[in-house]
Novice: 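Got a structure for you, questions after.
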Amino acid sequence: MIYSKYLVKEADHFDPFYFPALMDDLDVIITSMAKSPGTRSSVMLVSFVKDNSLEAEWVQANPVLAELITSRSMPVSNLEALFASSQNNPVFRRQLEDYILDRFRSATGVTVY
């Protein structure tokens, strides 16, 4: 039997206040990824932690960033666990994804990063 790290119910909404470790992890991730800037980096991160996949064209366009994301050298486990725990709640997942993208946008000033 597999146990989820987080308990996300079908009617829950994402609120970063309840996930302080996630906020700390994102600070580290954003700083790490800023050292390897590339197109669509936040979208690449979300794709990986949400579905454990990256588009081939993204990997080709930015192999260094793809390696950074997939090597698990950054603290992505909380993000992965939260997406996995919310599989039955598409609203929560979309809010989490929007939060991640907004954090990147705030840190970098770039709309699609």
Side-chain angles (χ1 to χ4, degrees):
M1 177 178 260
I2 297 174
Y3 294 96
S4 295
K5 182 174 182 174
Y6 298 104
L7 177 60
V8 177
K9 298 176 185 168
E10 289 185 26
D12 287 348
H13 290 271
F14 176 73
D15 184 342
F17 175 78
Y18 296 112
F19 304 99
L22 179 85
M23 291 189 289
D24 293 341
D25 290 350
L26 276 173
D27 289 338
V28 171
I29 291 168
I30 290 167
T31 300
S32 296
M33 289 176 65
K35 296 174 187 172
S36 299
T39 59
R40 305 183 58 84
S41 58
S42 59
V43 175
M44 287 174 66
L45 173 71
V46 169
S47 178
F48 182 75
V49 297
K50 185 176 177 183
D51 301 317
N52 266 349
S53 67
L54 292 175
E55 297 285 331
E57 64 190 53
W58 300 342
V59 174
Q60 227 175 6
N62 198 335
V64 173
L65 185 59
E67 175 63 25
L68 179 65
I69 291 170
T70 60
S71 69
R72 301 192 187 281
S73 61
M74 296 184 298
V76 296
S77 62
N78 281 317
L79 288 168
E80 289 176 308
L82 200 48
F83 273 112
S85 297
S86 62
Q87 283 184 324
N88 294 326
N89 186 333
V91 171
F92 185 98
R93 288 169 67 92
R94 183 68 210 171
Q95 291 169 337
L96 173 57
E97 185 174 335
D98 289 344
Y99 175 75
I100 295 166
L101 297 174
D102 286 345
R103 286 286 305 271
F104 270 86
R105 191 173 15 261
S106 294
T108 63
V110 176
T111 302
V112 176
Y113 191 74

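All values below were derived from every heavy atom in this structure, side-chain atoms included, with hydrogens, water molecules and symmetry-related copies excluded.
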Novice: Rounded to the nearest 0.5 Å, what separation is found between the CG atom of Asp12 and the CG atom of Leu7?
Specialist: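 Rounded to the nearest 0.5 Å, the CG-CG separation comes to 7.5 Å.
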Novice: What closest approach, in Å, do Ile30 and Ala107 show between heavy atoms, and which atom pair accounts for it?
Specialist: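 Of all heavy-atom pairs spanning Ile30 and Ala107, the closest is CG2-CB, 3.6 Å.
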Novice: Are Ile29 and Pro75 packed together at the side-chain level, in the sense that at least one heavy-atom pair is separated by less than 4.5 angstrom?
Specialist: yes
Novice: Are Arg103 and Met23 close enough that some pair of their side-chain heavy atoms sits under 4.5 Å apart?
Specialist: yes
Novice: Side chains of Asp15 and Gln95: closer than 4.5 Å at any heavy-atom pair?
Specialist: no
Novice: Are Gln87 and Val8 close enough that some pair of their side-chain heavy atoms sits under 4.5 Å apart?
Specialist: no
Novice: Between Ile100 and Tyr18, is there shared hydrophobic-cluster membership here, with clusters defined by ILVMFWY side-chain heavy atoms closer than 4.5 Å?
Specialist: yes
Novice: Can you tell me how far CD of Glu57 sits from CG of Asn62, rounded to the nearest 0.5 angstrom?
Specialist: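 Answer rounded to 0.5 Å: 12.5 Å.
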Novice: Do Leu45 and Val76 touch side chain to side chain, with heavy atoms closer than 4.5 Å?
Specialist: yes
Novice: Determine whether Leu22 and Phe14 make a side-chain contact, defined as any pair of heavy atoms from C-beta on separated by less than 4.5 Å.
Specialist: yes
Novice: Got a second to check how far Leu65's CG is from Met33's CE, nearest 0.5 Å?
Specialist: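 The distance works out to 4.5 Å.
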Novice: Are Leu79 and Phe17 joined in one hydrophobic group, where the rule is that I, L, V, M, F, W and Y side chains link up if heavy atoms are under 4.5 Å apart?
Specialist: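 Leu79 clusters together with Phe17.
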Novice: Rounded at 0.5 Å granularity, tell me how far OG in Ser73 sits from CD in Glu67.
Specialist: 8.0 Å
Novice: Using side-chain contact (heavy atoms from CB on, under 4.5 Å), reason through Val28 and Met74 one step at a time and then give a plain yes or no.
Specialist: CA-CA 7 Å; Val28 171; Met74 296 184 298; 5.7 Å; no
Novice: If we only count heavy atoms from C-beta on, is the Asp51 to Phe83 side-chain gap below 4.5 Å?
Specialist: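 Of all side-chain heavy-atom pairs linking Phe83 with Asp51, none is under 4.5 Å.
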Novice: Could you tell me if the side chain of Glu55 sits less than 4.5 Å from the side chain of Gln60, heavy atoms only?
Specialist: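 Not touching, per the 4.5 Å side-chain cut-off.
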Novice: With under 30° as parallel and over 60° as perpendicular, where do the rings of Phe19 and Phe92 fit, or are they tilted in between?
Specialist: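 If you compare the ring of Phe19 with that of Phe92, the planes turn out perpendicular.
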Novice: Between Glu97 and Leu101, does a side-chain contact (heavy atoms from CB on, under 4.5 Å) hold up when you go through it step by step?
Specialist: CA-CA 6 Å; Glu97 185 174 335; Leu101 297 174; 4.2 Å; yes
Novice: To the nearest 0.5 Å, tell me how far Ser86 OG sits from Lys9 NZ.
Specialist: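 Here the rounded value is 14.5 Å.
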Novice: If you compare all heavy atoms of Ser32 against all heavy atoms of Leu68, which two are closest, and at what distance to 0.1 Å?
Specialist: O-CD2, 3.9 Å
Novice: Calculate, to the nearest 0.5 Å, the distance between atoms CG and OG belonging to Leu54 and Ser47 respectively.
Specialist: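 That separation rounds to 5.5 Å.
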